[in-house]
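Order of listing sets the numbers, starting from 1, for every ligand and every atom in it. The analysis underlying the following values was restricted to heavy atoms, covering all of them including side chains, and did not include hydrogens, waters or symmetry mates.
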Amino acid sequence: MVRSCFCEPADPSQTAAYALASPARLDAKPKLAGASAAGISFEEVQKHNSRDDCWVIIDGKVYDVTEFIEIHPGGAGIIVANAGKDATKIFKPLHPKDALDMLPASKHLGPVDPSTLPEVDDEPTDEEKRIEAARALLPPIDSMHLLNDFEEWAEKVLSNTGWAYYKSAADSETSMDNNAAAFERYYFRPRILRDITQGDLETTVVGVKTALPVFISPAAMAKLGHPLGEVNLTKGAGAAGIVQGISINASCSLDEIMDAREEGQKVWFQIYLNRDRKKSEELLEKVTQLGAAAVIFTVDVAWQSKRTRDRRSKAAVAAPNPTSASDKPGKGTAGAQNAGVSQAISGFQDPHLVWDDIDFIRRHTSLPVIVKGIQSVEDVAECAARGVDGVILSNHGGRSCDYAPAPIDLLYELRALRPDLFDKLDIMMDGGVRSGADVVKALALGAKAVGLGRPFLFANSTHGQEGVERVFLEEEITNTIRNCGVSYIKDLKPEMVGPAGPWVGANRPPWLK
Ligand code: HEM
Ligand SMILES: Cc1cc2nc3c(=O)[nH]c(=O)nc-3n(C[C@H](O)[C@H](O)[C@H](O)COP(=O)(O)O)c2cc1C
C-alpha cells in the first residue's frame, strides 16, 4: 500500500489523531498491567478481547487498536474477530511493512512475553493443506505454456481471499468474461512472401521506449499472491524493459517499489483522487520527484460496484466475534462491513470526479497524463480535446460497470468511426488480453501498447518473478506478427485484422470499403 493512501483513514476527521509526528517510540509509557521485564503476558492480552477494549499481537508485539478499529480501512469486523489474539497470520499478507507506523506510539504497547504464549497449534488448516498439496504439484515454469495455465494454477495455490479478490468482477461478471471472449471475434488476414527474417518488438508509448508493446496494468495487492508483492513485478518489468503501472493500492510501499527499479527503468504511477485533495497533491508531487514517467488517472471506479466473489469470501473471513461487546460496521467501509478487499481499500477514493480533475492533476505534476477507464468513443474525443497524452480503453477488467463494452470492441469502433483520434493521443487498451494474438489484434487496430492485469497477479502467485516474466508474451507476439507477414510493430495495419467470418457485405471492415 502506497503510504499516502495508507495514511488516509476513511473518516478524514480522524486523521489528526492518527498522524504520527515522529516514529513510534516504545519508551516513556506507563507500565502496563500484566507486563514484566520479559514483556506483556498473553493472559493479559486475552483480556482485551472486545470492540471496546481491543489488543492484538502482530509479530510478537502487542498493539492497542481499540480506537483504530473505527477507522480501519479493512473494516471493524475482521479486527474484532481477532481481538485478544495473535493476528499475525491474517495481517501480514494484506499490509505493507510500514502499516503499523500509522498507529500512534502510545498504542504500541511492547513485546509479548514469549514464555506465556500457548503452544502453537501447528496443525495446518484445511486451506493451508489444500495450498500445500497444490504447490507440491505446481508444474515448473517451462511447463506453463499459456497465460491461462497460470490462472488455472493460481486458483489452486492462492488463499480463498486472494483468489476471490483477484478474480472478482462486477455483479454477474459478464463484462469480465466478454473482455476475453471478444478477442475470439477478430481474425487476421496474414500476408505472405514478405521478408520477415529480421525484426523486433520495440515501440514507444507516451514518450517511453519499451522493448515490447505490453505494459503491466496497475493492480492492487500483489502480496496476496506472493510475499514479495509488487517488487516482483518491478524486477520482472525491469529485466524485460517494459513499463509497470504501479497501483496506488499496491501492497508494497512506494519507496520499496521505486527502490527495486533498475537504472533508468520507467514506471507509471496510477492514482485515484483522494477525498482530501491535499493528499493527492502531495502524492503527485512525491511521484514526480521520485521519477515516475507518467501519471495514470483511473476514472472508471468513481462509484463502487458489487464485486461478488470478493463479498462472498469476506463474509466467510470476518465472521462476527461472539465475545465482542458490539459489532457495528466500521466507518472505513461505508457501512458495508463484509464488503470484501475491494471495498476495504477504496474508502479514501473521491466519488466526486469531473473532467476538470484532469487539470487538477496537471497543476500538480509536470508528467504526462494517461486517463484509464475510457469506455466510449465520445470520451476518447473529449480526452483528445483536453490535450491528454494517452488513454487506456478499459473497463477495469470487468470490475466496475457490468455490461461495459469489451475494450477490443471499443477499439474497433474507434478505428471505424474516429480514425483521426489515433493521431491525436496515444491509445492503449487492457482487459481480457490472454495471448500474443490478442496483443497483435489490438496493435493492428491502432493501440500503441496493451496492458494485462490479472495474468501478472496470477503468474506472480504461482511462480513469482519468473512467472511475471512469462506474461510479457514475447514469443507469441513475435510468432504472430511474423506469421502475419510483419517484422516490426510500426508495420502492423488495420487491414490485417477484422471480424470473424468472411469480410464481405456488412461484415467487411469499413476502412476496406
Ligand atoms: C493495526 C494496524 C492496522 C493497520 C494500519 C491496518 C490497515 C489496513 C489498511 C490500510 C487496509 C486496506 C488494504 C491494504 O492496505 O492492504 C487494511 C485491510 C485489511 N486489514 Fe488491516 N490494518 C491494521 C490491523 C489489522 C488487523 C489487526 C487485522 C486482522 C486481525 C487486519 C485485517 C485486515 C484485512 C483482512 C484487510 C483486508 C480487507 C478486508 O478483507 O476487510 N488489519 N488494513
Ligand atoms: C485484482 C485487481 C486489482 C486491480 N487494481 C487496480 C488498481 O488499483 N488501479 C487501477 O487503475 N486498476 C486496477 N485494476 C484494473 C487493472 O488495471 C486492469 O484494468 C484490468 O485488470 C485489466 O483486465 P485483465 O485483468 O483482464 O487483464 C485491478 C484489477 C484487478 C484484477
Side-chain angles (χ1 to χ4, degrees), residues 1-2 5 94 147-148 150-151 154 158 161-170 173-183 214-226 229-230 233 243-252 254 257 268-273 294-302 304-305 307 309-310 313 340-346 348-349 353 370-375 391-401 404 406-408 410 428-435 438-439 442 447 449-461 471-473:
M1 164 71 63
V2 171
C5 145
L94 290 160
L147 292 197
N148 286 339
F150 288 109
E151 175 162 353
L158 272 165
T161 308
W163 170 253
Y165 178 61
Y166 287 173
K167 182 70 182 175
S168 210
E173 304 188 340
T174 301
S175 273
M176 175 180 70
D177 293 341
N178 186 48
N179 285 351
F183 278 101
V214 296
F215 61 91
I216 301 181
S217 285
M221 309 279 266
K223 271 195 194 167
L224 280 176
H226 192 286
E230 286 76 10
L233 303 183
V243 182
Q244 174 192 14
I246 301 171
S247 163
I248 187 171
N249 286 330
S251 50
C252 293
L254 183 55
I257 297 171
W268 292 335
F269 181 79
Q270 177 266 323
I271 194 163
Y272 293 120
L273 290 186
V295 169
I296 300 177
F297 175 28
T298 297
V299 293
D300 56 3
V301 284
Q304 287 299 301
S305 58
R307 309 248 172 106
R309 286 172 208 247
D310 205 20
S313 126
V341 179
S342 310
Q343 194 153 340
I345 63 178
S346 61
F348 72 95
Q349 284 170 228
L353 294 180
I370 299 167
V371 179
K372 173 171 181 281
I374 302 288
Q375 298 162 80
V391 291
I392 303 178
L393 310 182
S394 173
N395 55 30
H396 220 92
R399 291 160 81 83
S400 209
C401 174
I408 188 68
L410 184 57
M428 296 161 270
M429 59 88 49
D430 74 15
V433 177
R434 297 294 180 267
S435 70
D438 293 348
V439 173
V450 171
L452 295 93
R454 291 184 186 83
F456 283 109
L457 296 171
F458 293 147
N460 185 43
S461 306
V471 183
F472 302 141
L473 292 168

(request) Determine, step by step, whether L452 and F472 satisfy the side chain to side chain contact (heavy atoms under 4.5 Å, CB included) criterion, reporting the C-alpha distance in whole Å, the side-chain angles of both residues, the deciding distance to 0.1 Å, and the verdict. (result) CA-CA 9 Å; L452 295 93; F472 302 141; over 6 Å; no
(message) Could you walk me through whether F215 and I392 satisfy the side chain to side chain contact (heavy atoms under 4.5 Å, CB included) test, starting with their C-alpha distance in whole Å, then the side-chain angles of each, then the deciding distance to 0.1 Å, before giving a yes or no?
(response) CA-CA 11 Å; F215 61 91; I392 303 178; 3.9 Å; yes
(message) Does E151 form a salt bridge (charged side-chain N to carboxylate O under 4.0 Å, His left out) with K167? I'd like the steps, not just the answer.
(response) CA-CA 9 Å; E151 175 162 353; K167 182 70 182 175; 2.6 Å; yes
(request) Check the pair V471, V214 against side chain to side chain contact (heavy atoms under 4.5 Å, CB included), reporting the backbone distance first and the verdict last. (result) CA-CA 9 Å; V471 183; V214 296; over 6 Å; no
(message) If you apply the rule side chain to side chain contact (heavy atoms under 4.5 Å, CB included), what do you find for S435 with F183, and how did you get there?
(response) CA-CA 10 Å; S435 70; F183 278 101; over 6 Å; no
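Polar contact check, N249 against ligand 2: no nitrogen or oxygen pair lies under 3.5 Å apart. Considering backbone and side-chain N/O atoms, A219 never comes within less than 3.5 Å of an N/O atom of ligand 2. Here's the thing with I248: none of its N/O atoms is less than 3.5 angstrom from an N/O atom of ligand 2. Below 3.5 Å of separation, one finds no N or O of P455 facing any N or O of ligand 2. Distances between N or O atoms of D430 and those of ligand 2 include at least one value under 3.5 Å. The shortest N/O to N/O separation between Y166 and ligand 2 does not fall below 3.5 Å.
Under a 4.0 Å heavy-atom criterion, K167 is not in contact with ligand 2. Every heavy atom of V433 sits 4.0 Å or more from the atoms of ligand 2. Heavy-atom distances between N179 and ligand 2 stay at or above 4.0 Å for every pair.
Remark: the backbone N or O of R434 is paired with a side-chain donor or acceptor of D438 at under 3.5 angstrom. N395 places a side-chain N or O within donor-acceptor distance of the main-chain N or O of G398, the cut-off being under 3.5 Å. Side-chain atoms of S251 come within 3.5 Å of backbone N or O of K223 as a donor-acceptor pair. The backbone N or O of R399 sits less than 3.5 Å from a side-chain atom of R307, completing a donor-acceptor pair. Listed for the S168 side chain is a donor-acceptor partner under 3.5 Å among the backbone atoms of D310.
Residue-level proximity to ligand 2 for M221 is absent, since no heavy atom of it falls below 4.0 angstrom. Residue contacts with ligand 2, taken as heavy atom pairs separated by less than 4.0 Å, involve R434 solely via side-chain atoms from C-beta onward. With a heavy-atom cut-off of 4.0 Å, Q270 touches ligand 2 through its side chain alone.
In summary, the atoms of ligand 2 found under 4.0 Å from a heavy atom of G432, numbered by their order in the structure, are 24 (P), 26 (O). With ligand atoms numbered from 1 in the order given, ligand 2 contributes 22 (C), 23 (O), 26 (O) to contacts under 4.0 Å with heavy atoms of G431. Counting the atoms of ligand 2 from 1 in the order shown, those under 4.0 Å from a heavy atom of Y165 are 1 (C), 3 (C). Listed by number with element, the atoms of ligand 2 under 4.0 angstrom from any heavy atom of L452 are 27 (O). Proximity to K372 (heavy-atom distance under 4.0 Å) selects the following atoms of ligand 2: 10 (C), 11 (O), 12 (N), 15 (C), 16 (C), 17 (O), 18 (C), 19 (O). Near S394, meaning under 4.0 Å from one of its heavy atoms, ligand 2 places the atoms 19 (O). Less than 4.0 angstrom separates some heavy atom of S247 from each of these atoms of ligand 2: 7 (C), 8 (O). Atoms of ligand 2 found under 4.0 Å from any heavy atom of T298, numbered from 1 in the order shown, are 10 (C), 11 (O).
For atom 1 (C) of ligand 2, the candidate residues are R454, R399, E151; the nearest heavy-atom contact is made by R399. Across A220, G397, P218, G453, heavy-atom proximity to atom 14 (N) of ligand 2 is greatest for P218.
Going from atom CZ of F269 over to atom CD1 of I257 covers 8.5 Å, rounded to the nearest 0.5 Å.
Applying the side chain to side chain contact (heavy atoms under 4.5 Å, CB included) test to T298 and every residue at least two apart in sequence or in another chain returns Q270, Y272, I296, D300, V301, K372, H396.
A heavy-atom distance below 4.5 Å is not found between the side chains of F150 and N460.
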